[in-house]
Every structure is written in structure tokens, then in C-alpha cells.
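Written out below as C-alpha cells is the structure these notes cover.
Side chains included, hydrogens not; waters and symmetry mates left out as well; all remaining heavy atoms used. Every number for a ligand or one of its atoms is a count from 1 in the order of the listing. Just so you know, these numbers come straight off a predicted model, no measurement behind them.
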Amino acid sequence: MSRLRLPALYAIVDPLDTGRSPVDLAAAYLAGGARLLQLRLKDASARELLSAAVAIRTLTHTAGAIFLVNDRPDVARAAEADGVHLGQEDLPVTAARRVLPPGSLIGVSTHDLDEAHAAVAAGADYIGVGPVYETRSKARPLAPRGLDLVRAVRAAVDCPCVAIGGITADTAATVRTAGADSIAMIAALSRAPDPAAAVRTVLARLAPGNRTP
Ligand code: TZP
Ligand code: MG
């Protein structure tokens, strides 16, 4: 199977405490040029998550963007999303594959080399790697791993890597140069005064030719 090519920006739709609507945020990210969205609503009921996912699925279809749901393979399937993103305490990859249609994308969060190897062995289509920097967007965040973990995972596994954790427009290109195929962001987008403009700025910094040495 050919290696998955991920868009440079992995835009996570999580309003945090901004009071913004997830569907409005998704629309703004797509208007700014994002072509991969993950819906992450940690405090939502299954029905709230599904309702937002169904609306965002329509938007991502129109834009030709990949759409993933965080945590919940059942909701991803019900919303006809492209796949799911799983944490270390969510369903394992094999169980999620039983829930999802064939060919669905499954990503797994990893925080060290052992988890990265295990996720790849389990059949993840991509792995999240982090937290790279300090983050306030996650309950009980782990200590920042720095760019060293991105470099180490890149060298050790042949699987697309999505770096995450405290990444901003100013650091995105550096993190990509360390080996990330895609850069995930929550707060740098959802807290931005103009989320569509924030996406445009990040995409410009990640454009080919803007790699840092
Ligand atoms: N997993 C590792 S760090 C993180 C998650 C979900 C939060 C990333 O959010 P931000 O705001 O980009 O630091
Ligand atoms: Mg999870």
C-alpha cells in the first residue's frame, strides 16, 4: 500500500473555552485552506459530537478535505468521517477497524518511541507525536518532549508523523524540518482573533521552500 500523504496542517477543531461553535471554526479553517480537520470535543455528549460531525462532514466533502473524529470510532462511522484519531486509552486499532468501514484512516497518539513502534505495529495509518512543546489544551498534559522525540520517531518508524503540542505559526516550520509530515494545532487556531487568517499564515509558513535549516 502506498504511504499516506498528509496535508501539511492538521487542524484540530476544538473550541476550548472560547465559546466558538465547532462548525463555524471548521468552516473558517477550510476557508483558510486547511485540508485535514479533526473534530475534538472532549466534553460533548455522543449526540452533540455526532451533530457537529455530520455538519462538518458536509463542509469537508465540499472542500475536498479529510475529516477525522477524535476518540470515537462509532461516531466517526455514523458521521461517515474518513476515520478516527485514537489516544492510548481509546479503543485499540484492531477494534476500531472492526467498527469502521474498510480503508478508514486511523491515527494513534504516541508520546515516546515504544508507543510509536507499537502503534505502527498495530497498523496505524499515521501517528501523533508529542507533546512537542508545553500545551494548555489538554487535561493532564505530559511533559514536553521537544524536537528530539520528533527526530527520533522520524528516524525509527516508517509511518507518517503528525507533531502536536504547543506548536504555533512561529514554530511550525522548525517542527516540520525536525521530521514531522504534518503539524497539528489547537489553540493557535481556535484562540486566534481570525481563525481563517491564522490557517493562511501557518500554511504560508509551511509552504515548500520555507523549510528551516
Ligand atoms: N495531544 C498532545 S498535546 C495536545 C494533544 C491533544 C494538545 C495540543 O493543543 P495545542 O493547543 O496545539 O497545544
Ligand atoms: Mg482520545
Side-chain angles (χ1 to χ4, degrees), residues 8-18 20 22 25-26 28-29 32 34 36-46 49 52-53 68-77 81 83-93 95-96 99-100 104-113 115-116 118-119 122 124-150 153 161-176 178 180 182-193 195 198-199 201-203 205-206:
L9 174 63
Y10 184 117
I12 301 182
V13 178
D14 180 342
L16 300 172
D17 58 1
T18 64
R20 288 171 160 166
L25 271 183
Y29 297 168
L36 168 50
L37 302 188
Q38 182 209 109
L39 178 62
R40 180 180 191 268
L41 301 178
K42 285 292 185 183
D43 297 328
S45 67
L49 182 62
L68 305 174
V69 173
N70 193 37
D71 294 334
R72 299 284 301 257
D74 56 342
V75 176
R77 178 162 194 141
V84 72
H85 183 84
L86 302 170
Q88 290 288 320
E89 291 173 8
D90 296 319
L91 287 182
V93 172
V99 174
L100 290 165
S104 297
L105 296 179
I106 300 184
V108 176
S109 297
T110 71
H111 314 95
D112 56 39
L113 270 182
E115 288 181 358
D125 295 296
Y126 74 87
I127 53 173
V129 179
V132 179
Y133 304 115
E134 194 177 332
T135 178
R136 291 193 202 157
S137 303
K138 196 173 163 65
R140 301 179 304 281
L142 297 171
R145 275 38 178 162
L147 294 173
D148 284 350
L149 181 62
V150 179
V153 169
C161 296
V162 178
I164 186 164
I167 305 173
T168 65
D170 289 339
T171 53
T174 301
V175 178
R176 197 152 73 140
S182 184
I183 302 297
M185 292 182 179
I186 300 179
L189 306 180
S190 65
R191 294 195 189 284
V199 167
T201 300
V202 174
L203 289 175
R205 303 267 179 95
L206 290 173

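Not counting sequence neighbours, the partners of Y10 by the ring-ring contact (aromatic ring centres under 6.0 Å, His included) test are Y126.
In this structure the side chain of S190 never reaches within 4.5 angstrom of the side chain of I12, judged on heavy atoms. In this structure, H111 and P131 have side chains that are in contact, with non-hydrogen atoms separated by less than 4.5 Å. Side-chain contact between K42 and N70: present, with at least one pair of heavy atoms (C-beta onward) separated by less than 4.5 Å.
Listed by chain and number, R40, P131, T135, S137, K138, I164, G165, G166, M185, I186, A187 each place a non-hydrogen atom less than 4.0 angstrom from ligand 1.
Looking at every heavy atom in both residues, V84 comes nearest to L68 through N-CD2, 4.0 Å. Listed here is the closest heavy atom pair of D71 and L86: O-CD2, 4.3 Å.
When rounded to 10 degrees, the angle formed at the Mg ion (ligand 2) by OD1 (D71) and OD2 (D90) equals 110°.
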